[in-house]
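Here is the structure we will look at, set down as structure tokens.
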Amino acid sequence: MVKFIGIACLHLYLIFIMVLVFNLHKKSKIIKAVFATLILVFVALLLQYNDSVLDSVLSLVVRYLYFPSFATFMVIIFGSLGILFYSIFNEKLTINTRIINFVFASWIVIVYLIFVLLRLDVTSYLSLYTGTSLICLRFVSRGFLLWIVVLTSIRFFHYFTSLRWKK
Amino acid sequence: MENENNTKDIRPVFSLGLGFLLIFVAIGLLLYDRFMFVKDEVFTEISMKLDEERYNDDLVDGNVDDPDDSGEDIDDPDESNNNTGNNNKKKSSGTKKTNNYRYLGYLTIPKINLKTGIPWKNSPYNNVDYGVYTLPMSNYPDVKNGNLVLASHSGNASISYFKNLWKLAIGDIANVSYNGKTYSYKIVDIYYVPKTGTIQIRRSNKKTVLTLITCTKNSNTQQTVYILELYAIDGVNYG
């Protein structure tokens, strides 16, 4: 019985979403708002479905913040270098964004150089997650997160101020 | 007049910003407890992995040392036929090294998806406020007919490792990893005692036992005691 109700609810939900999707082009604010709310409800239901879904997401966050893996570390390093080159050659970027990119990218590259000088065995938990190497890993992962937060905040600020002037 | 218009324009922008901020704060507050719980789990897992590596390194160097080992050791069932019971003595004969591990091993209960470290009796982390507490009268798992007694909080706090023990029933299994071996226990008795500060443990003296103690679910005055008996070491039947 419960299974049947679940399947019925799922079908109703899908039909409702399809109706909304087909009406999106009508530029109705109500439809867009309902659509956004439905997506949020769907995400909330997904998280409530099982404790382990939320736990695995939080576990990823904790690992990123406190014990970033070597793979994550390397992805961030290459990503930072990419952004650094992009900032150098892209003339459309504002001076503020460029300065922020230079500061964070050079911070991450310096930490990477310190990490290289340690000559660690990257397959060993003991050498990765103790002493200076752990500090380096945390500096890089948190620095990258801070970088994203700063850029997103600037973006939001510009978005909100543009809203103001449009009015 | 222009100023008034500007103030009117700014108001919705600020309320939008404030709305976003409040949503983030609310999500943060909602997830805080869960985050702290998961954080503790991840830290325990990493600590255990580090301990394991340190142990393996020490094993290679021949420096393994059990800090407060006492009593008669259990012979590994598959080794006892070959009369190699003094294997542990051989291990300890190396240069003794100060113990620097946080955990002596770890406790896993598959039914409730529990995996946590068991601190050494003399560890500064051996406290219910850090997680699982190894009671001072405990014997380590390799002591024949010994009793390893563990306690932890139930409830909803991040350190409530035994919050799901109430789901266990007689016959359920728990494993303790210690000194590179896995000791498997089966629940043989569950009973309730009033919270008076002392607990009488009812168990057979001829069995090697693991005792788990926590507060009874939905009760402020009772504690539940789970008695588990050793039935296998490294998957080989024991006793």
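Order of the sequence lines fixes the chain letters, A, B, ..., with proteins taken first and strands second; residue numbering starts at 1 for each chain.
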>> Strictly distance-based, threshold 3.5 Å: is any side-chain N or O of B:S152 a donor or acceptor partner for the main-chain N or O of B:S160?
In response: no

> With a 4.5 Å limit on heavy-atom distance, are the side chains of A:F115 and A:T132 in contact?
Replying inline: no

> For chain B, which residues of residues 61-90 of chain A have at least one non-hydrogen atom nearer than 4.5 Å to it?
Replying inline: A:V61, A:V62, A:R63, A:L65, A:Y66, A:F67

>> I'd like to know whether CG of B:D129 has more than 12 heavy-atom contacts from other residues, nucleotides or ligands below 6.0 angstrom.
In response: yes

> In terms of heavy-atom pairs under 4.5 Å, which option from B:L31, B:V42, B:I46 contacts chain A the most?
Replying inline: B:I46

> Who are the salt bridge (charged side-chain N to carboxylate O under 4.0 Å, His left out) partners of B:K111, not counting sequence neighbours?
Replying inline: B:D172

>> Give me the atom names and distance for the closest heavy-atom approach of B:Y103 to B:P119.
In response: CD2-N, 3.7 Å

> Where do B:L165 and B:I109 come nearest, in terms of heavy atoms and distance?
Replying inline: CD2-CD1, 3.8 Å

